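Here is the structure we will look at, set down as structure tokens.
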Number of protein chains: 2
Amino acid sequence: MSGELIYGGPLSERKKRILRSIIDAHIAMGEPIGSKYLVTSAEIPFSSATIRNEMAELTEMGYLEQPHTSAGRVPTQLGYRFYVDSLMESYKLTATEIVALNNMLKSKIGELDTIIQSASKLVANLTNYTSVAIKASERETVRAFSHMVLDEHNFLMVMKMSGENVKTKQVHTDIVLDENNVSRLMSLFNAYCVGVTPEDITYATIVKMESAMGSAAALVNPAVKAFYDAVATSTDSNVRFEGVNKLLEYPEFSSVDQLKRVFSMIENKEDFLDMLSNSDRNKINVFIGDEESRFASNSAFIFRPLTVDGKVIGAIGVFGPSRMDYSKVISTVEYLTQKITGIIEGRALPEPGEE
Amino acid sequence: MSGELIYGGPLSERKKRILRSIIDAHIAMGEPIGSKYLVTSAEIPFSSATIRNEMAELTEMGYLEQPHTSAGRVPTQLGYRFYVDSLMESYKLTATEIVALNNMLKSKIGELDTIIQSASKLVANLTNYTSVAIKASERETVRAFSHMVLDEHNFLMVMKMSGENVKTKQVHTDIVLDENNVSRLMSLFNAYCVGVTPEDITYATIVKMESAMGSAAALVNPAVKAFYDAVATSTDSNVRFEGVNKLLEYPEFSSVDQLKRVFSMIENKEDFLDMLSNSDRNKINVFIGDEESRFASNSAFIFRPLTVDGKVIGAIGVFGPSRMDYSKVISTVEYLTQKITGIIEGRALPEPGEE
DNA sequence: AGTTAGCACTTGATGCTTTTGAGTGCTAAA
DNA sequence: TTTAGCACTCAAAAGCATCAAGTGCTAACT
């Protein structure tokens, strides 16, 4: 897209063609690619010797590497990067795929949480990689507290959040509640806890509220807890994976050690949130693992943030081996996120068939 | 518990002792156990030859098997079953464990969904196996409707469900709301929709309510939608796993093939729901995999249904290798579910320290 | 009777060497 | 500048001997 990025020196057309063929073949087969293969199967019109020379140079330049002397070449992180940025042919979604996507979208209009998740499931199925659904954290606070007494030991704490939504939490106490009790408590909350983030709740505040409640001081603690939960939950955004077991199918993750590494990565959901917040919010982002990064060296993560009014509200992505069908994955994710953003912003869902 | 079940013939005390030692040792070490080990490490006061004879008979009877001629013995499914039913010593939770459990329980009172999930997380950590949290589909209905007006276009619909929990939905309408409007609407719901399942909502009911609402008929539709959502969501049960990556640590799942089988099992959440519905609702259930069952042969699933008023509302369980620390897992799960049921049924949470 | 020492036997695991074959880099010729 | 040819490298596979754990059985012992 961005013209002719210079990565490790400019590449002749022939080098590009060879590099692309190697990466395409490697993505398709998962094995190191040798010069002979390129002559016969990819139709590079040169002898294997010539190709070997070129490959040696590409290796020198950092685009390729050899697992060992007598093996073929495998793309490096740099190689993949260059491939994704300038070499790759864009994949055209098939009609079936578009129909599947649109059907899913149509049936879920209106529920953001579920739409992201269903989309993610679909992506996992269409691409056959593990997909990732991220709902971003919003730093919400409470605008106003109100309540509803349910019975003599339970009341409902109703919190109008800084967004347009309302959160409710059921609060249980051992002491006996009455309308009076609870409404006093809620006035306290309205006085002390409006616009307050989880970290701002100090012990002092709690003590103050407790003394103000007098004999019903025992009410304060569970209510604070409920409040904390409400504010904190909206903070803990969540990351969900679909089709994790698809990872098992790829030979690069076929040793238990590698699986362990990958799974422990997946466990660290914060890492994915980090990547989201460090990402470019207006386009597809492609992380490709290498030795230094916390990212397992043979894996990649492709995702596209979802934004509303310039705010990132989540993302949909795909996690898999760095030998990934970038082209197809990128097209699929791109298509979906475009459409979802459209729906969120209230535009109508276009009919299947248009490109 | 159920006295002396006869499995494959009655066992002499000595056979029982040997069988128990073998299974204990195998659970601890994960390797086939030979006669020599029992003489030295477990303190069976007989010579290895005698033990070998007994082992041969236990094998004959189906409690043990040999991976190959020159290997020690490993428990069979039947062996584990017998062990769990009559041999195993019950594990005493440590003080630390009880404290952890109670703390978690205390902090989550009131929200069934989260309580089950947090409990599950804790179980995964305490036992170091993958834990399973099941929320059963309950055919829940609404016991009583109430409301709270939020602003002139939104109100909160509060539904006390047939269980002890409360669900709330925010309802938005374009027409202007007032206390009067909404409370009339809720009386209608209390008249027509109490104890009603999603399928029971007929068009006729809706029309009736709309005509009763007169000029505010437009309120009915979104409210019905909210009601439907509340009742329908509780229908789709879900199964969630925590600590799936712990599976990778056990040698029985150390080949990728085995992992594939296990993961594909885990993907089939319906299977777990099936097992729940075929289970004994009043006690710990232990499924032990064998060759025939859909269950991977070297895995086991231990769970305890959670019931309220005799109705199964979910379950907490543990999934792991059949070589599992049954004793500890069962104690942990038992303790937790007892306490959770207590909480759900409104009994106070006992202090840590009591057994 | 029940128990045990002793021993031959089986068999996966371990470690070694050999073979194989894919793929390279280099040289010399076209 | 390209290519044919060839010697070289090295991981993976195959073959093989050795090891050690654990058994089952027999014969002796209490």
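Computed from heavy atoms alone, side chains included, the values below leave out hydrogens, waters and symmetry copies. No experiment lies behind these values; they were computed from the predicted model shown. Every chain is numbered from 1, with letters handed out A, B, ... down the list of sequences.
Between B/R73 and B/E65 there is no salt bridge, since no side-chain nitrogen of the basic residue lies less than 4.0 Å from a carboxylate oxygen of the acidic one. Remark: A/D257 does not engage A/R261 in a salt bridge, criterion side-chain N to carboxylate O under 4.0 Å. Using a cutoff of 4.0 Å between basic side-chain nitrogens and carboxylate oxygens, B/R20 and B/E89 are scored as salt-bridged.
Within the 4.5 Å cutoff, no side-chain heavy atoms of B/I23 are placed close to those of B/Y326. A heavy-atom distance below 4.5 Å is not found between the side chains of B/I51 and B/E54.
The overall bend of the helix from C/dG2-D/dC29 to C/dA30-D/dT1, read as the angle between its terminal helix axes built from five base pairs each, is 10° when rounded to 10 degrees.
With sequence neighbours left out, B/Y129 forms a ring pair (Phe, Tyr, Trp, His ring centres under 6.0 Å) with B/Y250. Partners of B/F253 according to the ring pair (Phe, Tyr, Trp, His ring centres under 6.0 Å) rule, which considers only residues two or more places apart in sequence or in another chain, do not exist here.
A heavy-atom distance below 4.0 Å to DNA chain D is reached by none of the residues of residues 21-30 of chain A. Residues of residues 45-60 of chain B having a heavy atom closer than 4.0 Å to DNA chain D, listed by number: B/R52, B/M55.
Between the OH atom of A/Y63 and the CD1 atom of A/I22 there is a distance of 13.0 Å, given to the nearest 0.5 Å. Annotation: the span from A/F263 atom CZ to A/N268 atom CG amounts to 14.0 Å, rounded to 0.5 Å.
Between B/S70 and D/dT23 there is no side-chain N or O to OP1 or OP2 distance below 4.0 Å.
Rounded to whole Å, atom C1' of D/dA11 lies 5 Å from atom NE2 of A/H68. D/dT3 atom P lies 12 Å from atom CD1 of A/I44, rounded to whole Å.
Around the NZ atom of A/K15, the shell of radius 6.0 Å holds more than 12 heavy atoms that belong to other residues, nucleotides or ligands.
For A/S299 and A/S322, the side-chain atoms include no donor-acceptor pair closer than 3.5 Å.
Minimum heavy-atom separation, A/F303 to A/M275: CZ-O, 3.6 Å. A pairwise comparison of heavy atoms in A/H26 and A/R323 identifies O-CD, 3.1 Å as the closest pair.
Positionally, the nearest nucleotide of DNA chain C for B/R14 lies more toward the 5' end than for the other of B/P67 and B/R14.
Contact footprint of chain B on DNA chain C: nucleotides with an atom under 4.0 Å from a non-hydrogen protein atom, first to last in 5' to 3' order, C/dT3 to C/dG12.
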